[in-house]
Amino acid sequence: GQSLEQPSEVTAVEGAIVQINCTYQTSGFYGLSWYQQHDGGAPTFLSYNALDGLEETGRFSSFLSRSDSYGYLLLQELQMKDSASYFCASGGGYSTLTFGKGTMLLVSP
Amino acid sequence: NAGVTQTPKFRVLKTGQSMTLLCAQDMNHEYMYWYRQDPGMGLRLIHYSVGEGTTAKGEVPDGYNVSRLKKQNFLLGLESAAPSQTSVYFCASSYSTYRRPSYEQYFGPGTRLTVT
């Protein structure tokens with residue numbers, strides 16, 4: 001089986017940097033994905049780390065350490081529109097995903 | 001391109017009734033997935049398909065059946081609805097293939113189902 005742990009809620013102010021951590025216990029782990037979901041709408045893909053290290057995509061970066069079973073999503077220059085839920089998800093066979101319970105990010109002015 | 005679409009958007013069922021949720025994608029993706037999302041539980045995989053005519057069980061398959069008769073469509077059926085199946089159902093697709101796996105999934109807008 002697979003399980004992922006992430007904080008339930010994180011708060012930050014506009015312009016700040018925030019890090020959302022994710023630890024996992026999985027068998028058959030292929031990599032770690034991150035998804036964003038606004039107000040219960042369709043989740044959207046942010047990033048995927050198959051290998052250890054940092055992946056950067058604009059204001060968002062994602063990190064993976066397989067030896068520590070740990071990853072994080074880093075959001076820089078926070079904007080109000082970044083208020084959403086963020087899910088880490090472990091990749092398994094047949095490109096399936098097991099999702100964490102999600103972290104609600106609240107960005108205040 | 002419409003991407004991934006789901007029908008219906010909302011539905012209320014009585015216990016014991018049956019229904020089918022339709023997912024359609026116009027991206028020629030091989031892999032498709034059905035998830036349910038409950039408050040505080042994240043998304044959980046119900047069933048998935050790696051190509052036309054194939055289906056497989058996910059994490060929470062009990063009480064659901066699926067069919068993939070056409071590549072672009074993935075149907076989720078509830079034969080006898082129960083209140084525990086009240087949830088938001090999301091369909092997703094991926095351009096993943098056996099030789100080139102991908103963990104980028106494209107999600108539909110969801111179907112909000114209430115079973116009374």
Side-chain angles (χ1 to χ4, degrees), chain A residues 1-9 20 22-51 55 57 60 62 64 66 71 73 84-105, chain B residues 2-6 9-10 23 25 27 29-51 54-61 66 68 87-113:
Chain A
Q2 303 184 357
S3 68
L4 299 96
E5 295 290 332
Q6 53 182 127
S8 58
E9 187 174 304
I20 299 174
C22 175
T23 58
Y24 61 88
Q25 294 182 340
T26 67
S27 57
F29 177 82
Y30 287 74
L32 195 68
S33 292
W34 288 91
Y35 283 78
Q36 179 190 60
Q37 185 182 37
H38 281 101
D39 297 327
T44 55
F45 173 82
L46 293 176
S47 68
Y48 174 66
N49 293 65
L51 304 174
E55 295 277 348
T57 307
F60 293 3
S62 56
L64 176 65
R66 284 174 171 265
L73 180 69
S85 290
Y86 293 83
F87 295 87
C88 59
S90 63
Y94 297 106
S95 302
T96 57
L97 290 170
T98 298
F99 284 83
K101 295 183 178 181
T103 299
M104 183 176 296
L105 172 62
Chain B
V4 180
T5 58
Q6 294 184 231
K9 289 185 170 54
F10 302 92
C23 175
Q25 52 92 8
M27 296 174 283
H29 287 171
E30 289 290 340
Y31 288 24
M32 296 186 74
Y33 309 85
W34 274 107
Y35 295 89
R36 61 177 288 172
Q37 185 176 31
D38 304 300
M41 293 294 293
L43 292 97
R44 292 183 291 171
L45 183 64
I46 305 172
H47 286 280
Y48 63 98
S49 168
V50 299
T54 76
T55 63
K57 294 180 180 180
E59 180 186 354
V60 288
V66 288
R68 183 100 181 266
S87 189
V88 181
Y89 292 86
F90 287 100
C91 175
S93 70
S94 166
Y95 54 79
S96 184
T97 64
Y98 179 76
R99 291 189 179 277
R100 296 190 64 183
S102 169
Y103 294 93
E104 179 178 359
Q105 295 184 6
Y106 296 77
F107 283 80
T111 294
R112 281 140 185 86
L113 175 67

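All values below were derived from every heavy atom in this structure, side-chain atoms included, with hydrogens, water molecules and symmetry-related copies excluded.
For B/Q6, no part sits under 4.5 Å from any heavy atom of chain A, backbone or side chain. Looking at A/Y94, both its backbone and its side chain come within 4.5 Å of chain B, counting heavy atoms on both sides. Proximity to chain B involves both the backbone and the side chain of A/S95, based on heavy atoms less than 4.5 angstrom apart. Using a 4.5 Å cut-off between heavy atoms, B/L43 touches chain A through backbone and side chain atoms alike. Neither the backbone nor the side chain of B/V88 has a heavy atom closer than 4.5 Å to any heavy atom of chain A.
No side-chain heavy atom of A/Y30 sits less than 4.5 Å from a side-chain heavy atom of B/P101. Within the 4.5 Å cutoff, the side chain of A/L97 has heavy atoms near those of the B/Y35 side chain.
With respect to chain B, the highest number of heavy-atom pairs below 4.5 Å among A/P43, A/A42, A/S33 belongs to A/P43. Note on A/S8, A/G91, A/G102, A/A50: by heavy-atom pairs under 4.5 Å with chain B, the leading option is A/G91. Among B/S102, B/G58, B/P109, B/A56, the residue making the largest number of heavy-atom pairs under 4.5 Å with chain A is B/S102.
With sequence neighbours left out, B/R44 forms a side chain to side chain donor-acceptor pair (under 3.5 Å) with B/D38. Qualifying ring-ring contact (aromatic ring centres under 6.0 Å, His included) partners for A/F60, counting only residues two or more places apart in sequence or in other chains: none.
Taking OG from A/S90 and OH from B/Y103, the interatomic distance works out to 9.0 Å, rounded to the nearest 0.5 Å. To the nearest 0.5 Å, the span separating OG1 on A/T44 from CD on B/Q105 amounts to 12.5 Å.
The environment of CE in B/M27 is crowded: more than 12 heavy-atom neighbours from other residues, nucleotides or ligands sit within 6.0 Å.
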